[in-house]
Amino acid sequence: MSQSGSQAAAFFREVAHHHVVWFVRDDAGSPAPMTSNGKRAAPYWSTLARAQRAAETWGHGLRAESMSLEHWRGEELPGLARDGFLVGINWTGARLVGWEFTVDEVRNRLAVALGEPLDGDEGTAAVR
């Protein structure tokens with residue numbers, strides 16, 4: 001598994017365990033960089049330590065903050081979907097790189113990590 005792949009797997013595992021999602025922001029808001037495919041991505045991390053490293057890497061007075069998994073699923077993800085954003089997962093390294101997913105992909109992977117009921121016999125998690 002690639003470094004980005006292992007970071008993504010850790011994100012869903014850790015968020016499902018702790019029910020907390022971390023992000024970085026300053027008083028003006030959170031960064032949402034343009035991805036290589038021309039879409040913006042809102043990055044999130046699964047632990048305080050990961051988010052603090054990202055804030056330090058980006059600099060500019062960013063700080064790590066948390067939100068409940070329930071709030072993220074119910075409020076943040078629908079807003080990102082509406083605005084056409086991707087979701088960056090546990091970006092790491094000197095350039096803060098990693099995987100981006102669509103909101104539906106995040107919802108499905110999270111449902112699997114939480115052990116929520118699957119939709120139908122195909123083994124895919126229900127999109128909420």
Checklist outcome for this item: With sequence neighbours left out, the residues meeting side-chain hydrogen bond (donor to acceptor under 3.5 Å, both in side chains) with R50 are Q7, E14, S46
Item to check | Nearest-0.5 Å distance that lies between atom CH2 in W99 and atom CZ in R109 | outcome: 6.5 Å
Item to check | Hydrophobic cluster membership, L69 vs F101, 4.5 Å side-chain cutoff | outcome: yes
Checklist entry - Which pairs, with at least one residue in residues 77-91 and sequence neighbours excluded, count as a salt bridge (Lys or Arg N to Asp or Glu O under 4.0 Å)? => result none
Checklist outcome for this item: For residues 28-42, the salt bridge (Lys or Arg N to Asp or Glu O under 4.0 Å) pairs (sequence neighbours left out) are none
Item to check | Residues in side-chain hydrogen bond (donor to acceptor under 3.5 Å, both in side chains) contact with R63, at least two apart in sequence or another chain | outcome: D27, E65
Checklist entry - Can you find a pair of side-chain heavy atoms, one from L114 and one from R73, that are under 4.5 Å apart? => result yes
Checklist entry - Is there a side-chain contact between P31 and L62 (heavy atoms, below 4.5 Å)? => result yes
Next on the checklist: If hydrophobic clusters are built from ILVMFWY residues whose side chains come within less than 4.5 Å, do V87 and W91 share one?
Outcome noted: no
Item to check | Pairs satisfying ring pair (Phe, Tyr, Trp, His ring centres under 6.0 Å), at least one member in residues 18-65, at least two apart | outcome: Y44-W72
Checklist entry - Can you name the closest pair of heavy atoms from A113 and A16 and give their distance? => result O-CB, 3.7 Å
Checklist entry - Which value, rounded to the nearest 0.5 Å, describes the distance between L80 atom CG and T102 atom OG1? => result 11.0 Å
Next on the checklist: For the backbone of A94 and the side chain of T57, can you confirm whether one donor and one acceptor N or O come within less than 3.5 Å of each other?
Outcome noted: no
Next on the checklist: Applying side-chain hydrogen bond (donor to acceptor under 3.5 Å, both in side chains), can you list everything that pairs with T35, at least two apart in sequence or on another chain?
Outcome noted: N37
Next on the checklist: Side-chain heavy atoms nearer than 4.5 Å, only ILVMFWY residues, links allowed to pass through others: does that put L110 and I89 together?
Outcome noted: yes
Checklist entry - Can you hop from V21 to V24 via hydrophobic side chains spaced under 4.5 Å? => result no
Item to check | Between CZ on residue R53 and CG on residue L48, distance to nearest 0.5 Å | outcome: 9.5 Å
Item to check | Linked hydrophobic residues, M34 as query - side chain contacts closer than 4.5 Å | outcome: none
Checklist entry - In chain order, what residues pass the side chain to side chain contact (heavy atoms under 4.5 Å, CB included) check against E75, with sequence neighbours excluded? => result H71
